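Taking it in order: structure first as structure tokens, then the write-up.
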Amino acid sequence: MGINSTRGIMYKIARILGDVQAVRRGRVGRRVGRRVAGRATGKGLARLFK
């Protein structure tokens, strides 16, 4: 297992832990909204610099 796959696994675990924390604090909607906004921004920048 290389460093890149290990990093990917760690990022996935961190995202899951963030989801669990949001559920516990009752801020799921805020987290989902930020994730959607981040994806939209990323796609927009990808189109801009493509």
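Quick caveat, the model's predicted, so the values are computed rather than measured. We're numbering straight along the sequence, starting at 1.
For residues 3-16, there are no salt bridge (charged side-chain N to carboxylate O under 4.0 Å, His left out) pairs, not counting sequence neighbours. Among residues at least two apart or in separate chains, side-chain hydrogen bond (donor to acceptor under 3.5 Å, both in side chains) pairs with a member in residues 17-26 are Asp19-Arg31, Asp19-Arg35.
For Ile13, the side chain to side chain contact (heavy atoms under 4.5 Å, CB included) partners are Ile9, Leu17, not counting sequence neighbours. Every residue meeting the side chain to side chain contact (heavy atoms under 4.5 Å, CB included) condition with Leu48, not counting sequence neighbours, appears here in chain and number order: Leu45.
When hydrophobic side chains of Ile, Leu, Val, Met, Phe, Trp and Tyr are connected at separations under 4.5 Å, Val23 ends up clustered with Val28, Val32, Val36.
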